[in-house]
Amino acid sequence: MGDLHVMRDDLRPPDPPARRHLISITDLTREDVERLLGTARSFERSLEREMKKLPTLRGRLVVNVFYESSTRTSSSFELAAKRLSADTMSIKASGSAVDKGESLKDTAITLGAYDPDVIVLRHPHIGAPQLVARVTEARIVNAGDGKHQHPTQALLDLYTIQESFGRIEGLHVAIVGDILHSRVARSNIQALALLGARVTLVGPPPLLPRGIEAMGCETTTDIEAIGAADVVYILRMQQERMQEGANYVPSLREYTARWGVTPERLRPGQKVMHPGPMNRGVEIDPRVADAGDALIETQVRAGLVVRMAVLYDLLTTGPAAVKAELPVKVA
Ligand code: NCD
């Protein structure tokens with residue numbers, strides 16, 4: 001009898017892997033990040049072949065839902081899913097039932113009826129990805145929630161730095177500009193700290209959130225500080241997220257004069273990054289944007305392979321798939 005019990009246990013199918021999401025960089029361990037970057041690298045090699053499509057996610061459905069404008073992020077998620085042979089649908093808030101007043105919850109339930117494997121969501125409100133995770137069975141990838149998180153942007157930035165320097169550990173990255181409204185800054189500070197890089201935030205005092213040092217970075221208002229960094233990471237003034245009537249800087253002209261990144265403020269050999277969209281002549285001098293040391297186009301290319309890696313990782317039983325469901329956190 002005892003033996004039979006053992007046999008029955010053996011024959012029981014393994015528990016399905018827990019549903020995982022990528023909502024915040026804090027969902028990931030260093031090991032997870034390293035695995036994702038390694039997967040992205042192998043996808044990059046596979047894209048060098050003439051036949052660019054892999055059969056890996058055939059029959060899977062990836063739905064992109066974007067409640068804010070986007071060029072890079074939405075196009076790269078769509079292409080990433082297509083390169084892995086998944087079916088894709090892209091919904092933009094404008095022109096959808098959202099215009100008719102449908103709530104995020106009802107939109108998510110509607111899309112959930114198609115049984116998507118992954119929902120990629122960009123939304124102006126912090127916590128929107130957790131809401132969609134609660135009302136659907138899909139894995140959720142946060143493509144930006146308000147000023148909170150944009151984890152795939154940070155991963156593609158890590159990938160770009162790793163490919164350019166051969167390492168991340170020990171490098172010094174200066175992030176310059178509107179930190180206060182930037183989910184890219186928050187995700188990057190955590191991701192860079194996780195991999196052992198040093199981060200200095202540079203910007204006007206009202207745009208450097210108080211207490212942000214607790215995330216593992218230094219702050220300064222002195223633009224000269226960028227001279228000490230290996231990478232200068234430039235952010236846009238995100239006016240659409242600024243409170244009406246709030247005067248963060250006297251004027252954009254003043255901002256450019258004091259914090260704009262110009263060739264004169266850089267050292268030869270320093271690498272420059274920007275998540276896009278760029279406002280040339282405001283936060284970045286056009287000569288900096290077009291110089292050989294700018295990695296801005298490399299970042300866009302990295303976005304494709306890194307997003308392929310994220311979709312693949314969430315949908316296959318990789319080493320992390322046996323991990324318990326990741327806790328949901330809102331900062
Ligand atoms: C960023 C974003 O949306 O947060 N852009 C992007 O994803 N490429 C940064 C920005 O909008 O300035």
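As a basis for the values below, the full set of heavy atoms in this structure was taken, side chains included, without hydrogen atoms, waters or symmetry mates. Counting starts at 1 for both ligands and their atoms, following the listed order. Predicted model, so just to flag it, every value in this text is computed and none were measured.
Proximity of a side-chain donor or acceptor of Arg60 to a complementary backbone N or O of Leu315 within less than 3.5 Å is detected.
In summary, the side chains of Asp32 and Thr29 do present a donor paired with an acceptor at a separation below 3.5 Å, with no hydrogens or angles considered.
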Short N or O contacts of ligand 1 with protein, under 3.5 Å, listed by atom name?
| unit_1 | atom_1 | unit_2 | atom_2 | d |
| --- | --- | --- | --- | --- |
| ligand 1 | 3 (O) | Arg122 | NH1 | 3.4 |
| ligand 1 | 3 (O) | Arg122 | NH2 | 3.3 |
| ligand 1 | 3 (O) | Arg183 | NH2 | 2.9 |
| ligand 1 | 4 (O) | Arg183 | NE | 2.7 |
| ligand 1 | 4 (O) | Arg183 | NH2 | 3.4 |
| ligand 1 | 5 (N) | Gly276 | O | 2.9 |
| ligand 1 | 7 (O) | Thr73 | OG1 | 3.1 |
| ligand 1 | 7 (O) | Arg122 | NH2 | 3.1 |
| ligand 1 | 7 (O) | His150 | NE2 | 2.8 |
| ligand 1 | 8 (N) | Pro275 | O | 2.9 |
| ligand 1 | 8 (N) | Gly276 | O | 3.3 |
| ligand 1 | 11 (O) | Arg236 | NH2 | 2.9 |
| ligand 1 | 12 (O) | Arg236 | NE | 2.7 |
| ligand 1 | 12 (O) | Arg236 | NH2 | 3.2 |

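Under a 4.5 Å side-chain heavy-atom criterion applied to ILVMFWY residues, the cluster that includes Val300 comprises that residue alone.
Under the ring-ring contact (aromatic ring centres under 6.0 Å, His included) criterion, no residue pair touches residues 201-234, with sequence neighbours excluded. For residues 151-205, the set of pairs meeting the ring-ring contact (aromatic ring centres under 6.0 Å, His included) definition, not counting sequence neighbours, comprises His181-Tyr248.
A cation-pi arrangement is absent between Arg122 and Phe66 under the rule of less than 6.0 angstrom and at most 45 degrees off the ring axis.
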